[in-house]
Amino acid sequence: MKRQQNIVSGLKKDMVSHARAIRLLLTCSRQWAVMGITIVMDAVYPFISIYLSAMLLDALYAGRPVRQMILFALLGAGAALLVTVTRHWVARRKNVLWWTMHFRIAEPVMEKTMKMDYELTEDAEVQRMRNRQNDYEKRGTGIFEIFLRQLEILLTAVLKLIFALITMWPVIAGLGTERRPLLPALLTAAVFAAGLFLEQRTVSRETLRRQRLHSQNSDRYRLNSYIMEKVILDTEAGKDIRLFHQEEMLSSYGHEMIFNWRATAKKLAASHIRQDSFQSLFASGTGGIIYLYTGLRSYAGSIAPGSVVKYAGGIQQMIQSVTDIMLSWSYLHRNCSMMDEYLDYLALPEVKKKGTIPVQKRRDGKFLLEFRNVSFRYPGTEQYALKNMNVRLEIGERVALVGPNGSGKTTFVKLLTRLYDPTEGEILLNDVDIRKYRYEEYMKLFSVVFQDFQIFSFAAGEYIASGTRVDRRRAMDAVRRAGLTELIGRMPDGLDTPLGRDFSDEGFEISGGEAQKIAMARAIYKNAPFVILDEPTAALDPVAENEIYTGFHEIIGNKTALFISHRLSACRFAKEILVFENGGVIQRGSHEQLSGKPGLYRRMWEAQAKYYQ
């Protein structure tokens, strides 16, 4: 009883998944209705041939005129021509839809990934969901294309089965009696219900086995992708592979993966054989019984020669349709888990509270930010990255954040920019909790250059402006203030030159230091009240670093500037220094104040000072 309930609940779950998928696909295009034409054509066409052949044979046995038989032949040829032309027209429409869908289906995932709360992008389970989506895409045929193709096969087979049962009904009805006229219908329904029930049970069991196999090998799939894309095919990694002779290590990984995949492939093949064997046995057994019964009726002389052909064709179509129904349903069932994961990814709820208050537009441009008893730990961890922090920042200040690695500096910036929200306490902007402000408006207050910033291979102007509409005068001002005038002058098309050659041979390759300056130009172009620089000169040589800090006031203007730096020589440009350790601010003051008294800052300064002398 429990097993039956599980099968019924599995059927319901599959139907819900299919309904969700259909709704999504209809939002992409309403033109999928053309599939209905193909379904009807493919289902009806075999029976046109069957009926015309039966009529032709009866006419031949009855000695009808030749022109009548020629008419039947012409009707068959005309029907074949009509179906061929219609299917060719529909196929062209569907091919356009397949290609369109491939890109349209990718759009929601891209938008969801870009717009979801940042903390979700770092969540391990969300990352696994996204990685599995990438794995599905790399297999070639998309999960929704599989769904549509198998749905088309299923609906065609169901319609074909209905026509086959109508064709076979005179034979099936012969099983009935005056006392039990509904017996044929009940027997037919019982046979197919039993077949579908057993098929669902077989499919569910085999699908679970395959899912377990794929789950066990998911890390291997990712390892293979990592080795191929991030190691072997990566130009930068190629230097390490050769200089440290890592070819043997990478080859051993490859041999091990091939061995494991061969074992997995054998298990998957055995699973397919078990399922296909049941489908073939059921379809052949059902068809064999009807063939036997029809043959006996024909032998007894109760069926005309043309009807024998008609019933034989009907039996053949019935067997084929039952096989197609079972096979397509098994594919749809296996595909459900992948579709559900795609749809569940799109349905991930927001975890961050979004306020409704507009950010106050002060005429004096003054902003006051305050951390009040703020503590924070990353999701899934018990250790606090920040603990009981109290800090006030005013517009126009130059503040340096220093301290050992892991002391909480970058976490402080992530909380300040609302990439994360505090676990405890609150962050205030002009005495209002920042969670009450409109999220998009609050984010516009900050220009940030993280240490792990990304350079995209778009036009330099588009990268600096963060959009396709570039205010060229403003962009060139940002270029000048970031010290990039000479670099842009060397580029073939100036601001229109792509950064790198990832997708254009006309691209311009830049060094790490130049990339850091371009990232700074982007921050300048945004013209936000708060500028945050995480190791802003880490990739620069000493001369370029001196240029940046010498012109720091021109670069930043009257904005609040926070910069994280391990080079304490830069701290002399800061009005105030916050010294972090173990998730808290343990010292605060100017360079002269902190270097003149015992403490962590003085120890760090003395450790580096000898290199400056």
Side-chain angles (χ1 to χ4, degrees), residues 235-236 396 398-401 413 417 443-567 569-574:
T235 306
E236 295 299 320
R398 306 286 189 268
V399 181
L401 312 181
V413 171
T417 54
M443 296 289 279
K444 290 178 181 178
L445 296 176
F446 300 93
S447 287
V448 187
V449 180
F450 283 108
Q451 189 174 5
D452 55 351
F453 65 88
Q454 300 294 312
I455 293 290
F456 307 127
S457 294
F458 303 131
E462 291 179 348
Y463 179 84
I464 292 171
S466 297
T468 55
R469 295 182 179 180
V470 183
D471 184 332
R472 303 182 76 85
R473 186 173 181 179
R474 185 172 155 195
M476 287 306 297
D477 179 63
V479 164
R480 179 186 61 78
R481 290 161 65 186
L484 286 168
T485 304
E486 182 184 350
L487 175 67
I488 297 297
R490 286 191 283 114
M491 291 184 177
D493 297 315
L495 291 175
D496 298 321
T497 306
L499 299 173
R501 295 192 176 96
D502 289 322
F503 61 83
S504 173
D505 293 336
E506 304 301 320
F508 191 88
E509 296 290 348
I510 57 176
S511 68
E514 290 168 341
Q516 197 159 34
K517 285 186 176 182
I518 288 176
M520 290 182 68
R522 180 177 62 172
I524 296 169
Y525 183 97
K526 186 177 179 181
N527 195 30
F530 292 89
V531 179
I532 302 174
L533 308 174
D534 189 352
E535 291 289 339
T537 59
L540 302 181
D541 58 59
V543 175
E545 179 185 23
N546 184 64
E547 290 176 357
I548 289 292
Y549 284 120
T550 301
F552 200 68
H553 291 288
E554 183 183 3
I555 292 173
I556 302 302
N558 62 349
K559 300 172 176 46
T560 301
L562 278 74
F563 59 91
I564 301 172
S565 181
H566 288 97
R567 299 182 185 180
S569 59
C571 293
R572 65 182 184 272
F573 295 97

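Note that the structure is a prediction, hence the values are computed from the model and not measured.
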Taken in chain and number order and not counting sequence neighbours, the residues that satisfy side chain to side chain donor-acceptor pair (under 3.5 Å) with D493 are none
NZ/K517 to CD1/I510 distance, rounded to the nearest 0.5 angstrom?
-> 12.0 Å
With a 4.0 Å cut-off, would you call R473 and D477 a salt bridge?
-> no
side-chain contact (heavy atoms from CB on, under 4.5 Å) partners for A400, two or more places apart = F563, C571, A574, I577
A528 to S447 - nearest heavy-atom pair and separation | CB-OG, 3.5 Å
Straight-line distance of I464 CD1 to M476 CE, nearest 0.5 Å | 8.5 Å
Side-chain heavy-atom pair V413, I564 within 4.5 angstrom cut-off = yes
Listed partners of A465 passing side-chain contact (heavy atoms from CB on, under 4.5 Å), at least two apart = V470, Y525
CE (M491) and CD (E506) are apart, to the nearest 0.5 Å, by 13.5 Å
Sequence-distant partners of T485, side-chain contact (heavy atoms from CB on, under 4.5 Å), two or more places apart = V479, R480
Between atom CZ of R398 and atom OG1 of T560, what is the distance when rounded to the nearest 0.5 Å?
-> 8.0 Å
Using the test side-chain contact (heavy atoms from CB on, under 4.5 Å), find all partners of R490 that sit at least two apart in sequence or belong to another chain.
-> E486, L487, F508, E514
Is there side-chain contact between R522 and S466, with heavy atoms separated by less than 4.5 Å?
-> yes
To the nearest 0.5 Å, tell me how far I488 CD1 sits from I518 CD1.
-> 5.5 Å
Atom pair CD (Q516) and CZ (F453), whose distance is rounded to the nearest 0.5 Å | 5.0 Å
Closest non-hydrogen atom pair, A519 against V449 = O-CG2, 3.5 Å
4.5 Å side-chain heavy-atom contact, T468 and F458 = no
Which atom names give the shortest non-hydrogen contact between A478 and A521, and what distance separates them?
-> CB-O, 3.5 Å
Could I get the full list of salt bridge (charged side-chain N to carboxylate O under 4.0 Å, His left out) partners for R472, not counting sequence neighbours?
-> D496
